[in-house]
Each structure stands twice: as structure tokens, then as C-alpha cells.
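Just below is one structure, and these are the notes that go with it.
Every chain is numbered from 1 and lettered A, B, ... according to where its sequence line falls, protein lines coming before strand lines.
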Amino acid sequence: MKNTEAIEPTKELKISSPPTGFQVIAREFMKDKLAMFSLISLIIVIGGIYIWATQIDQTQLMRISLRDKLAAPGDKFWLGADKGGRDILGQLIIGARNSLNIAIAVTVITSIIGVAIGLVTGYFGGWIDNIFMRIIDFFITIPSLMIIIVFVSIIPKYSIIEFIMIMSLFLWVGTARLIRSKALSESRRDYISASKTLGTRNFTIIFKEMMPNLSSILIVEMTLNFAGNVGLETGLSYLGFGLPPSTPSLGTLVSYANDPYIMENAWWNWLPASLLILLLMLGINYVGQAIRRSADARQRLG
Amino acid sequence: MWKTIIRRVLVMIPQLFVLSLLIFIMAKFMPGDPFTGLITPETDPARIEELRIKAGFYDPWYVQYVNWIGNAFQGDFGRSYTFNVPVSNLIGDRALNTLWLALLSTFLLYLIAIPLGVLAGRFQDSFLDKSIVFYSFIVYAIPTFVLGLINLFFFGYELGWFPTSGTVDIKYDSGTAGYLWSKFYHILLPAITYALLATTGVIQYLRTEVIDSKSMDYVRTAKSKGIPINKVYSRHIFRNSLLPIAAFLGFTITGLLGGSIFIETIFGYPGMGQLFIQSVNGRDYSVITALVMLFGFLTLLGSLLSDIIMSIVDPRIRID
Amino acid sequence: MSFMQIKDLKVHYPIRGGFFNTVVDNVHAVDGISLEFEKGKAYGLVGESGCGKSTTGKSIIGLEKITSGSIIYEGEDVTNKVRGRNTAYNRDIQMIFQDAHSSLNPRKRVQDIIAEPIRNFLKLSPGEERKRINELLAIVGMSEEARLKYPHEFSGGQKQRIGIARAIASNPKLIIADEPVSALDLSVQAQVLNFLKDIQEEYGLSYLFISHDLGVVKHMCDNISIMYKGRFVESGNRKDIYTNPQHIYTKRLLSAIPEVNPNDREERKKIRRAVEVDYLTNHHNYYDENGRVFDLQPVSETHQVATSAQNKGGI
């Protein structure tokens with residue numbers, strides 16, 4: 001508790017603010033230089049990827065030209081070319097955009113499902129809670145990575161949408177469990193009881209009274225899930241069970257390394273994608289942990 | 001104590017049942033059947049059909065399910081059609097390889113993580129602590145396959161310190177010292193990779209535990225009695241902090257299983273994880289179902305183990 | 001004439017255990033109590049912590065499920081009715097919580113906190129709602145500036161006053177006050193208590209005042225019930241309880257009130273010892289062999305005490 005006086009927001013701020021939320025997170029980032037740096041770099045990198053990706057013609061990019069097979073980095077291809085003579089840099093940008101899109105979609109879907117189920121089961125308890133806890137326990141104890149892989153391999157007419165659905169099917173569980181436990185303790189607080197005695201409907205209490213108080217936990221959870229989903233998607237694509245081979249993905253680029261010749265002699269095929277994944281994971285996770293610190297008053301820097 | 005363990009085991013049964021049902025249904029959706037692999041231009045289609053009827057291919061699904069489960073209980077998971085050997089034999093060999101990898105990984109994990117965790121806790125907020133915390137953040141954030149590949153590239157290919165695939169050099173005869181050493185040498189890089197990835201949990205737990213116990217009364221008493229500070233750490237804090245770490249063992253098993261799919265694929269190590277990927281690619285569904293069941297069972301066992309150790313170590317935690 | 005009657009109210013919680021986690025026993029948190037409420041009167045519920053007094057309050061307002069017994073409000077049975085915004089009962093019974101801080105949603109501004117019952121029950125236009133909020137703030141002695149602030153910007157006493165403003169917003173008839181001042185400093189306690197008394201007189205409110213503090217209850221309440229292990233041991237008006245206690249538990253409680261005057265310290269010690277001896281020798285007359293409190297028996301028109309049937313003649 002180095003800066004106890006700085007935690008007193010009422011004196012310096014004219015407009016009142018709730019004791020948690022965006023202002024607190026923003027203040028934490030102003031204090032934590034490394035987190036601020038991570039955040040800004042992330043915004044630049046991700047923004048850059050999305051803008052650049054609009055400038056790339058995907059069919060042109062994926063056209064095979066054997067003349068340029070495994071071309072080394074140079075003037076024609078800044079980051080060289082793959083076995084089919086396709087530009088690595090272009091694939092890297094498109095692949096990163098695809099990976100990010102999938103991770104965002106999965107994060108949004110799993111958060112919505114997880115939050116809804118977590119809040120409802122935590123608030124009501126009783127038999128609803130019992131049923132969902134059994135389901136959640138089951139999902140937690142199964143080897144989900146394997147089952148996702150099997151799912152991917154048996155789905156006919158497989159595309160990005162199916163991939164997102166399969167991932168989401170197994171990934172809502174963690175969020176649901178976390179939110180449930182928080183909702184459980186939150187729903188025992190008197191302000192929830194007060195709302196009940198004041199005639200507010202359960203639905204309104206859950207989403208308008210309780211959910212805002214869990215918002216910081218939710219932001220942390222979503223950020224860390226986002227990082228996890230980037231990792232999982234690229235990992236699955238690396239193993240060959242992610243995006244269809246015709247769609248560039250960071251994982252597919254990394255999987256070029258499975259060919260020992262490429263691994264040893266054409267590092268530009270797989271190393272940039274690996275480093276980009278690493279960079280994204282470090283950045284997102286660092287930002288997520290900084291938000292977590294700001295959500296927890298005991299860990300705040302200032 | 002026993003009552004809770006038995007109850008936990010009983011809870012596992014319906015979970016395994018639902019899992020087996022799920023796997024069975026998925027297997028039914030897989031294209032092909034165990035006999036597709038036997039089809040060659042010379043085989044008579046009628047003969048294949050006969051085999052299918054004999055194997056119960058056209059029975060109602062629940063009859064097939066009961067047969068499958070019944071056989072599985074006796075250790076018979078059918079035949080792998082790509083390797084053309086019984087699945088149990090195939091998995092048996094691979095499981096042993098994975099077991100060695102897991103044992104070495106776990107050993108290295110604790111070897112690395114325990115000193116780092118204790119040091120970080122003891123010298124809280126020092127440069128050393130900050131470096132360790134930063135290290136544990138990096139290995140937490142880095143995906144398994146990225147670290148695996150980078151390690152393989154630098155230490156295997158660029159520096160040539162480690163072999164890049166397999167379990168043993170063919171030049172050694174089984175049973176000799178050279179054979180054992182070669183085997184160990186092959187496991188070492190994958191095991192280090194896995195151990196590094198898993199250190200975060202143990203380091204963070206130990207660090208907090210040590211920091212918390214610093215302000216505990218029993219530590220203050222020990223200090224005020226004039227016990228040398230090193231001894232306070234080794235005798236009092238370390239011992240009390242170490243026990244809960246044992247509970248990580250179960251989670252380590254669970255994590256290793258998931259990680260083995262990546263690690264074994266990257267390092268070309270013929271364990272269960274690699275077998276799984278090969279089977280999925282080869283649509284060898286009797287192997288796939290057996291492996292998923294086995295992994296599911298081991299995952300349950302891992303979490304059970306953790307709970308039991310936890311409740312022995314800390315009686316305040318009740319497993320229900 | 002009372003507007004609300006509570007008859008033989010019971011709240012039991014199951015204790016689960018054994019191999020299959022079945023219900024092995026029940027906790028009798030509230031075990032058969034009856035109360036009647038009249039307009040403009042304050043009722044005190046006193047007892048040690050864990051005796052079920054808070055559970056009683058919560059079950060009356062619908063936060064705890066009632067196991068058996070009934071609540072009749074203006075002739076209508078409202079036991080275990082789902083609380084909603086369309087029933088008179090829910091509008092007319094409100095609650096003040098012990099921990100004012102946790103009873104106010106930290107993410108809501110004061111005006112939204114006070115507006116919650118207004119929006120649910122009264123259906124006013126935005127202008128009227130605004131007026132009503134200002135009015136309520138004035139009643140609890142706070143300025144209009146408070147409207148846009150968040151709960152954490154107020155002191156404990158101020159927060160409790162916001163809680164009170166919220167409770168009286170829907171013009172209730174009965175307010176259940178669950179230890180409303182026990183979390184506050186002594187100096188603030190008196191201020192909030194007096195203020196509760198003022199609004200009671202002004203608006204003809206009834207209170208169910210739950211407290212472990214006999215002094216507070218004496219100051220606030222017309223009728224007092226002493227509770228022990230989920231049952232009433234004694235019930236009567238202020239004079240009955242404080243000057244003519246009958247039950248050994250009541251006597252014991254009263255003798256434990258600290259006295260400021262140091263001169264008759266020895267004398268009071270003697271009284272306390274006598275009460276203790278009385279408690280030990282007459283225990284069987286007031287508790288059955290399981291330690292359960294007997295049913296209430298009338299002593300006078302206003303005064304009831306729980307005692308065994310044989311003992312009844314002796315009083």
C-alpha cells in the first residue's frame with residue numbers, strides 16, 4: 001500500500017465515478033509503463049494487421065508459382081516464399097487476421113454463453129445450479145483438445161464457421177464456472193437482497209444490478225480468454241485441425257516447420273509466424289494481467 | 001476420508017459413461033470402418049460385407065455400444081487397421097514412452113520451479129524476484145508448440161545439442177548403458193520444454209505461500225527465538241509451503257496429457273499423443289476411441305489424485 | 001386492530017450429510033413464532049446472535065422461504081408469495097439492512113438507488129420522480145447534491161440514511177429494520193435512531209426492530225419479544241419486559257445490561273449472581289428436556305411468557 005492517498009478519488013475528481021470500472025483500469029495503465037507499452041504495441045500491431053490485410057488480394061497471394069519455391073527473403077519477397085512459391089509476408093498478415101477474427105468470435109460467443117449461464121446458476125442456485133454444475137464438471141474432466149480434434153476431422157463441409165462453433169462448444173465452461181462462483185458470492189450481498197425486497201424482477205437484478213459489479217472480472221476473463229483462444233486456434237491449425245488448408249493461418253505457417261528440411265533450411269517459412277504468435281500472446285496476456293491487478297484493489301500500483 | 005474418496009470414484013463412473021457414449025457416437029460419424037483398410041482391388045466386396053455382418057456392423061447402435069464397452073472392459077479395444085495390431089498392444093508400447101517423458105518432465109518441473117518459487121518469495125520485490133516473476137509470465141503466455149519448435153530449432157538443429165526426433169539411436173543394443181543414455185538423451189529436450197511450460201503454476205503458488213508465511217506467527221516466533229534466517233526458511237517456511245505443492249501433481253498429469261499431443265508431434269517422439277494425431281489422420285477409429293477414453297480416464301484420475309492429496313495435506317479442504 | 005398477522009412461522013434449513021448427501025436433520029432457525037402488527041407501532045425483536053431474529057425478518061419480507069405457518073396481510077395470505085412489483089404487500093413492507101454499505105449497489109448513483117422502489121411501485125413521470133427523490137433526500141436530511149454521487153463517497157451514517165430514504169420511498173406501512181444501527185459509531189447511532197423515530201411519528205409507520213441491544217430496543221419499541229433458539233421466550237410491552245420480566249432468560253439478559261453508575265456496583269453483582277442461581281435452579285420450568293423453549297402462556301393482557309404448563313399457576 002504505497003500510495004494510499006492516491007486511492008482517494010473523490011477529492012481530486014469533480015464528477016463522481018464508481019469505485020471500479022474503466023477509470024480505475026485507465027489509472028492503472030497510466031501507472032504501469034510496461035502495461036501501457038504492451039497495450040499500445042498491441043493496438044498498433046493488431047490495427048496494422050487489419051489495415052494491411054485489406055490491401056492484399058488473397059487469390060493472387062495463394063497462387064502457386066513453383067519458380068519461387070522456398071525463395072529466401074529478398075526484394076521480391078520480404079520474408080521469402082513457401083514451398084508453393086507463395087509470399088510468406090502476405091500469408092502472415094492474412095493468417096494473423098484470420099486467427100484474430102476466430103479468436104475474437106470464439107471469445108465473444110463463449111463469454112456470452114458463459115456469463116449468461118454463470119450469472120443465472122450463481123444467482124438462483126438450487127436445482128438449476130446443480131444441473132449445470134454437473135454439466136460443467138463433465139466438460140472440465142474430458143480431454144477437450146482431443147475431442148475438438150476428432151470433431152474437426154469428422155465434420156463434413158468444414159469451414160471457419162464450423163471451426164468457431166466447435167471451439168466455442170468446449171470453451172464456454174471455464175467462463176461459466178468463474179462467473180458462477182463470483183455471482184454466488186455477489187448474490188449473497190445485501191444490495192441484491194435489497195433489490196429483491198424492492199420488487200425488482202430477477203432478470204433485472206441479474207443483468208442490471210449484479211452484472212455491472214462483475215464487469216472488471218469479466219474484462220479480465222475475456223482478455224485472457226482471447227489470448228488463450230489465439231493460442232488454441234494457432235495450435236490446432238498447426239496440428240492440421242484448424243482452418244482449412246486453403247485459408248492462411250498463423251498455425252498453418254508454423255506447421256511448415258514439420259518438414260525437417262524447411263525447419264532447418266528455410267526458417268523464414270515458420271519462424272516469423274511463431275514470433276508473431278509469441279508477441280501477440282505476451283502482449284494480450286500482459287494487458288490482461290494489468291487489468292486484473294487494477295480490478296483487485298490489493299494489487300493496484302496506484 | 002475413505003468415504004469421500006469412494007464417493008468421488010462413484011461420481012467418476014457416470015462421467016466416464018457419458019464420455020464413452022460421446023466417443024462412441026463420434027466414432028459412428030467417422031467416415032469408413034475397420035474394414036475399409038482391408039479393401040484392395042483383389043478383395044471380394046462380398047467377403048468384406050460378410051466380415052462386417054460378423055463384426056456386428058449392422059446391429060442396432062446400442063448393441064454395438066454394449067459390445068464395445070464390454071470388450072473395452074476386458075482390455076480389448078479392437079484392432080488398429082493402419083498398424084494391423086491389437087489396439088491394446090499398440091497403445092501399451094506408446095504409453096510407456098509417454099510415461100517416461102511424463103516422469104522426467106515432472107522431475108525437471110519441480111527441480112526448476114521449487115528453488116525459483118522459494119527464492120522469489122524470500123527476496124520479494126528484489127530484482128531476482130522480478131526476474132523470476134517475469135520469467136514465469138513468459139512461459140505462461142507462450143503456447144506449447146511455439147516454445148517446442150523454437151527449442152527444437154535452436155538446440156536441435158542450429159546448435160545440434162540434442163537429437164531432433166525418435167526415442168533412441170538405432171546403433172545401440174537394448175539393455176546396454178549406451179542404449180539407456182541415448183533414450184534419456186532423446187527425452188531430455190521434450191521434457192525440458194514441457195517442464196519449463198508448466199513451471200508457472202508451481203512458482204506462483206510457492207511464491208505467494210512463502211510471502212504469506214513470512215508474516216505468520218510461527219515464523220515470527222522462530223525468528224525471535226534467534227533461529228538463523230536460513231534455517232527459518234529451510235525448516236519452517238519451506239516445509240509448510242511444500243506440502244500443498246504435492247497437490248499439483250494431479251494437475252501436472254492432466255496438463256501433460258494435453259501437452260503431449262503437441263510435444264510428441266514436434267519432437268517426433270512416438271508416444272500416445274503422436275499416436276493420436278497419426279490415428280486421426282489415418283482415420284484409425286478403434287485407436288482414436290481407445291485413446292480418448294484412456295486420456296479421459298487419466299484426466300479424471302489426475303484431478304482425483306490432486307483432491308485426495310490436497311485433503312490429506314490440508315484437512316480444512318473437504319472434497320465433496 | 002392489526003393489519004398484519006404472523007401465525008406459527010417456521011423456517012427450517014435442511015442439514016445434508018451421510019454418504020448420499022441426504023437430509024439428515026433440520027436446523028430450526030425459526031420455530032413457531034406469532035406476531036401481530038398495528039399501525040404506527042414499533043415492535044422489537046431481541047436475542048443473542050444466531051437466535052433466528054434476522055431470519056424472522058427476512059422470511060417476513062420474502063428473502064427466506066417459510067417452511068410452515070402463515071403471514072396474513074390485510075386479510076390476504078401472502079406466505080411465500082413471489083415478490084413482484086404489482087402486489088400491495090411488497091410495496092407496503094420494506095426493509096433496512098444492517099450493513100448499509102453492502103446494501104447499496106456500488107455501481108449505482110444515489111438517485112438511481114432511491115429511484116428503484118419508485119420505478120417499481122409508483123410509476124411516476126420523470127419529473128415527479130425527480131421531485132420525489134429530492135423530497136426523500138430532504139426527509140433524511142441530505143442535500144440534493146448527493147443525487148449524483150456513488151455510495152462509497154458517503155460515511156456510514158449517511159449511507160444508512162440513504163438506505164432509509166429508499167425504504168420509505170414507496171410509502172410503506174411496515175419497515176423491517178434488521179440491526180439498522182449496530183454497524184455505526186455510537187454517536188451516529190443515536191442520530192439515526194432519533195431520526196427513525198421522527199419519521200415513524202410523521203408518517204404513522206410500523207417497525208419491526210431487530211436488535212441485540214436492549215437499550216436501543218427500549219428506546220424505540222412499544223412491544224418487545226425476546227427470542228431464544230428460534231422461539232419467543234417472552235413477549236410484552238416495554239413496561240412488562242423491563243420492569244416485570246418473568247422468564248429466566250429475559251432476567252438474565254436484563255441483568256447483563258451494563259450500568260454507568262459505579263456506586264452500586266457490588267449490589268448489581270449480587271443481583272446478577274441471584275439471577276444466575278435462579279436460572280440454574282428453575283431451568284426445567286422454562287425449557288423442556290431437549291432445551292426447547294415452551295409455548296407462550298399469557299400472564300396479563302399484554303404480557304406472555306414461555307413456561308411449562310405446571311409452572312403456569314406458580315407465577
Inset, instruction - State whether the number of non-hydrogen atoms from other residues, nucleotides or ligands found under 6.0 Å of A:Arg177 atom CZ is greater than 12. - result: no
Legend entry - Qualifying residue, where the test is side chain to side chain contact (heavy atoms under 4.5 Å, CB included) with A:Leu239 and the options are B:Phe262, B:Phe276, B:Phe145: B:Phe262
Legend entry - Euclidean distance, B:Tyr140 OH relative to A:Leu224 CG, rounded to 0.5 Å: 5.0 Å
Inset, instruction - Inspect the surroundings of OH in B:Tyr65 and state if more than 12 heavy atoms from other residues, nucleotides or ligands are less than 6.0 Å away. - result: yes
Inset, instruction - For each of A:Ile284, A:Leu278, A:Val230, A:Leu232, tally heavy-atom pairs with chain B at distances under 4.5 Å, and name the one with the top tally. - result: A:Leu278
Inset, instruction - Heavy atoms only, distances under 4.5 angstrom: which of B:Leu291, B:Thr265, B:Ile150, B:Ile266 has the most pairs with chain A? Name it, please. - result: B:Ile266
Inset, instruction - Tell me, for B:Leu152 versus chain A, whether the close heavy atoms (under 4.5 Å) come from the side chain, the backbone, both or neither. - result: both
Inset, instruction - Could you tell me which portion of A:Thr234 (side chain, backbone, both or neither) has an atom closer than 4.5 angstrom to a non-hydrogen atom of chain B? - result: both
Inset, instruction - Classify the ring geometry between B:Phe153 and A:Trp270 as parallel (under 30°), tilted (30 to 60°) or perpendicular (over 60°). - result: perpendicular
Legend entry - Closest-packed option against chain A by number of heavy-atom pairs under 4.5 Å, given B:Leu16, B:Leu298, B:Val11, B:Ile138: B:Ile138
Inset, instruction - Examine whether an atom of B:Phe267 lies under 4.5 Å from a heavy atom of chain A, and if so say whether it belongs to the side chain, the backbone or both; otherwise answer neither. - result: neither
Inset, instruction - With a 4.5 angstrom heavy-atom cut-off, could you sort out which part of B:Val146 is near chain A: side chain, backbone, both or neither? - result: side chain
Legend entry - Nearest-0.5 Å distance that lies between atom CG in B:Leu149 and atom CG in A:Leu271: 9.5 Å
Legend entry - Max heavy-atom pair count under 4.5 Å with chain B, selected residue of A:Ile155, A:Val152, A:Leu145, A:Asn285: A:Asn285
Inset, instruction - Please state whether the side chain, the backbone, both or neither of A:Phe138 comes within less than 4.5 Å of a heavy atom of chain B. - result: both
Legend entry - Shortest non-hydrogen contact between A:Val150 and B:Met26, atoms and distance: CG1-CE, 3.7 Å
Legend entry - Options B:Thr299, B:Ile142, B:Leu19, ranked by heavy-atom pairs under 4.5 Å with chain A, top entry: B:Leu19
Inset, instruction - Please round to the nearest 0.5 Å and tell me the distance separating atom CD1 of A:Ile149 and atom OG of B:Ser279. - result: 11.0 Å
Legend entry - A:Ile147 CD1 to B:Leu22 CG distance, which is reported to the nearest 0.5 Å: 5.0 Å
Inset, instruction - Mind checking the OH-CZ spacing from A:Tyr286 to B:Phe137? Nearest 0.5 Å is all I need. - result: 7.0 Å
Inset, instruction - Evaluate the side-chain proximity of A:Ile142 to B:Val18: yes if any heavy-atom separation is below 4.5 Å, no if none is. - result: no
Legend entry - Contacting region of A:Ile277 [heavy-atom separation from chain B under 4.5 Å]: side chain
Legend entry - A:Leu34 side chain reached by B:Phe134 side chain, heavy atoms, under 4.5 Å: yes
Inset, instruction - Starting at CG of B:Leu300, measure out to CD1 of A:Ile140 and round the result to the nearest 0.5 Å. - result: 11.5 Å
Legend entry - Portion of B:Ile288 that has a non-hydrogen atom of chain A nearer than 4.5 angstrom: side chain
